[in-house]
Amino acid sequence: MKIVFFGSAHFAVPALEALVKSKHEIVCVVTQPDKKKGRHLHLAGTDVKGTAAAAGLKTFQPEKIKSRESVNFLKDLDADLFIIVAYGQIFSQEVLDIPKIMPLNIHASLLPAYRGAAPINWAVINAEKKTGVTIMYVSLKMDSGPVILQKEIKIEENDTALSLEEKLRYLGAELLMDALKLIDSRSYRLLEQDEDKVILAPKLKKEDGLIDWHTPAVDIHNQIRGVLPWPGAFTGYGGKILKIFQADVLPVFPNHRVVPGEVIRADKQGIVVACGRGFLNLKELQLEAGKRMSGQNFIIGHKLVAGEILGKNK
RNA sequence: CGCGGGGUGGAGCAGCCUGGUAGCUCGCAAGGCUCAUAACCUUGAGGUCAUGCGUUCAAAUCGCAUCCCCGCAA
């Protein structure tokens with residue numbers, strides 16, 4: 001089959017690599033235009049662009065996928081399938097109608113749960129026990145098309161949005177190959193999504209990383225694991241931003257009344273902070289302008305003592 | 001040329017503004033105390049103060065340049 005691959009982010013790379021190895025013909029890889037990014041705003045291509053270049057594939061980087069020029073270009077490719085994975089632009093019906101068989105998408109959740117840009121993050125934040133990947137027909141409304149294949153995976157206690165993404169991107173690539181076989185043999189089925197079970201997973205905002213110490217320790221723990229790699233869970237300390245990368249929920253009972261955010265212990269046992277219910281032992285943190293380090297190292301250098309309240313500033 | 005913070009023994013930091021013997025906590029080594037310990041007491045090793053140039057009688061400290069790391073913003 002003649003395939004046009006649409007993708008940009010890290011998540012899409014294994015799927016493209018799998019396609020490259022398959023018998024299918026990739027007529028073009030469409031990815032987002034190069035953007036200035038990073039600390040010094042250097043111009044950089046997407047992860048997918050790098051992969052496509054390594055495989056010697058032709059790339060197309062339209063500013064707007066819906067534009068007249070883009071549509072004409074895509075029509076001329078005469079493709080059977082469009083495969084869209086973490087591309088980053090919304091398609092118009094006109095574009096979706098171009099492929100002769102169908103437009104396909106890999107989504108990192110068990111649809112209809114977690115429709116949107118950050119399905120993995122929200123699954124972790126919401127303490128889901130499992131998530132997965134879905135291969136579906138793309139329709140105009142975001143992530144609402146009928147499902148072709150779906151595979152679930154357990155969310156482990158120590159999984160983060162980062163580790164899950166790593167698992168899911170490969171799982172997604174595998175499942176895509178299975179789906180292509182079904183489509184090739186015309187033996188697939190389209191299963192409509194149950195609109196009553198829709199859960200939305202909007203793009204994360206900076207403020208989603210801000211820790212509210214009044215919430216229960218388990219919830220904050222899920223937040224810390226879920227908002228990686230961006231924006232990262234953070235609080236305030238000494239007027240600066242303090243990022244928290246890793247923490248454990250602790251069943252500790254202090255001998256006095258505590259305020260949420262209060263450091264009730266800071267010694268070799270760890271940095272223990274009071275939450276709305278329960279406590280967190282901060283394992284890995286990073287102060288603004290500082291390096292990422294373990295809780296013990298943090299105490300040694302920053303003279304953090306019991307009684308201080310986190311989150312007072314910023 | 002988007003804004004800002006930082007590079008000081010093995011780790012994390014102070015000192016810099018107001019130049020004049022390199023300091024703290026931890027770790028490490030040796031010894032001691034102890035039934036014992038991640039506890040405590042002694043002692044000790046370990047540093048081109050990121051790099052280069054400059055100012056000065058004298059630079060970790062002031063000035064210029066370079067390299068590297070990090071936060072914000074996108």
Side-chain angles (χ1 to χ4, degrees), chain A residues 7-13 31-50 61-65 86-90 116-118 120-121 160-162 165 201-213 220 223-248 250-255 261 263-273 279-314:
Chain A
S8 298
H10 175 74
F11 186 81
V13 172
T31 190
Q32 293 271 42
D34 293 354
K35 281 180 185 164
K36 287 186 175 185
K37 57 182 179 182
R39 210 176 305 282
H40 302 292
L41 303 187
H42 290 308
L43 206 62
T46 63
D47 289 356
V48 164
K49 188 183 183 185
Q61 301 179 271
E63 202 62 53
K64 284 188 176 179
I65 195 69
Y87 173 57
Q89 284 194 45
I90 309 289
I120 304 173
N121 304 88
T160 65
L162 229 42
E165 179 186 329
K203 200 158 116 183
L204 291 177
K205 295 187 292 274
K206 177 68 182 172
E207 67 211 59
D208 290 318
L210 179 63
I211 294 173
D212 176 3
W213 294 105
I220 296 178
Q223 180 187 13
I224 291 171
R225 297 185 300 136
V227 297
L228 294 172
W230 189 90
F234 60 90
T235 184
Y237 171 66
K240 290 184 175 179
I241 291 173
L242 178 66
K243 285 200 164 193
I244 298 171
F245 291 98
Q246 206 187 104
D248 288 339
L250 228 57
V252 180
F253 303 95
N255 48 18
V263 177
I264 62 168
R265 195 160 78 192
D267 53 33
K268 286 180 180 173
Q269 312 282 326
I271 301 174
V272 181
V273 183
F279 300 83
L280 277 181
N281 181 11
L282 310 186
K283 302 283 280 293
E284 196 178 359
L285 36 167
Q286 176 178 37
L287 192 63
E288 180 179 331
K291 274 192 296 189
R292 188 166 165 166
M293 65 185 83
S294 70
Q296 296 196 6
N297 272 340
F298 189 85
I299 298 168
I300 289 169
H302 296 88
K303 300 180 168 59
L304 180 69
V305 294
E308 298 200 51
I309 314 288
L310 295 179
K312 281 291 177 192
N313 310 298
K314 289 205 175 181

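Numbered from 1 within each chain, the chains take letters A, B, ... in sequence-line order. It should be emphasised that the depicted structure is a prediction, and the values quoted were computed from it without experimental measurement.
- When each of A:A289 and A:I300 is assigned the nucleotide of RNA chain B with its nearest heavy atom, A:A289 is the one assigned upstream, toward the 5' end.
- B:rG47 and B:rC13 are spaced 15 Å apart, taking the C1' atom of each and rounding to whole Å.
- Here the side chains of A:Y237 and A:L285 are not in contact, with every heavy-atom distance at 4.5 Å or above.
- Nucleotide B:rC17: unpaired (no Watson-Crick or G-U wobble partner with both distances less than 3.5 Å).
- The side chain of A:K303 places no N or O atom within less than 4.0 Å of a non-bridging phosphate oxygen (OP1 or OP2) of B:rU25.
- Residue A:K240 contributes atom NZ, which lies 11 Å from atom C1' of B:rC13 at whole-angstrom precision.
- With both ends at atom C1', the span from B:rG19 to B:rC24 equals 22 Å, rounded to whole Å.
- Shown here is A:K206, whose NZ atom has more than 12 heavy atoms of other residues, nucleotides or ligands within 6.0 Å.
- In this structure, A:Q286 places its CD atom 17 Å from P of B:rG5, rounding to the nearest Å.
- Taking atom NE2 on A:H302 and atom P on B:rG6, their separation rounds to 12 Å, with Å as the unit.
- The interatomic distance linking A:I241 (CD1) with B:rC72 (C1') rounds to 7 Å, in whole Å.
- For the pair A:K203 NZ and B:rA74 C1', the interatomic distance rounds to 11 Å; values are reported in whole Å.
- Among B:rA11, B:rC13, B:rC72, the nucleotide with an atom closest to any side-chain atom of A:K206 is B:rC72.
- Atom CD1 of residue A:I224 and atom CZ of residue A:F245 lie 11.0 Å apart, to the nearest 0.5 angstrom.
- Summarising the geometry, the separation between NZ on A:K291 and P on B:rC69 is reported as 11 Å, rounded to the nearest angstrom.
- Across the strands present, B:rA30 finds its partner in B:rU42; the criterion is a Watson-Crick or G-U wobble pair with both atom distances under 3.5 angstrom.
- Atom C1' of B:rU21 sits at a distance of 15 Å from the matching atom of B:rC49, rounded to the whole Å.
- Rounded to whole Å, atom P of B:rC40 lies 12 Å from atom CG of A:D267.
- Across all strands, A:K243 comes closer than 4.0 Å only to sugar-phosphate atoms, never to a base (heavy-atom distances).
- With rounding to whole Å, A:E288 atom CD is found 14 Å from B:rC70 atom P.
- By the 4.5 Å heavy-atom criterion applied to side chains, A:F298 and A:L282 are not counted as neighbours.
- Rounded to the nearest Å, the gap between the P atom of B:rA50 and that of B:rA14 is 13 Å.
- Nucleotides B:rA22 and B:rG12 are separated by 23 Å at their P atoms, to the nearest Å.
- Rounded to whole Å, the separation between the C1' atoms of B:rU18 and B:rA60 comes to 16 Å.
- Using the Watson-Crick or G-U wobble rule with both distances under 3.5 Å, B:rU25 pairs with B:rA11.
- Of the nucleotides present, B:rC3 is the one that pairs with B:rG71 by Watson-Crick or G-U wobble criteria, both distances under 3.5 Å.
- Across the C1' atoms, B:rC16 and B:rG63 are found 14 Å apart, a figure rounded to whole Å.
- Pairing of B:rG63, defined by two Watson-Crick or G-U wobble distances under 3.5 Å, is identified with B:rC53.
- Look at the C1' atom in both B:rG54 and B:rG46: the space between them is 32 Å, to the nearest Å.
- Residue pairs that meet the side-chain hydrogen bond (donor to acceptor under 3.5 Å, both in side chains) test with at least one member in residues 292-306 of chain A, sequence neighbours left out, are A:E284-A:R292.
- Looking at A:D34, A:T46, A:T31 one by one, the single match for side-chain hydrogen bond (donor to acceptor under 3.5 Å, both in side chains) with A:Q61 turns out to be A:D34.
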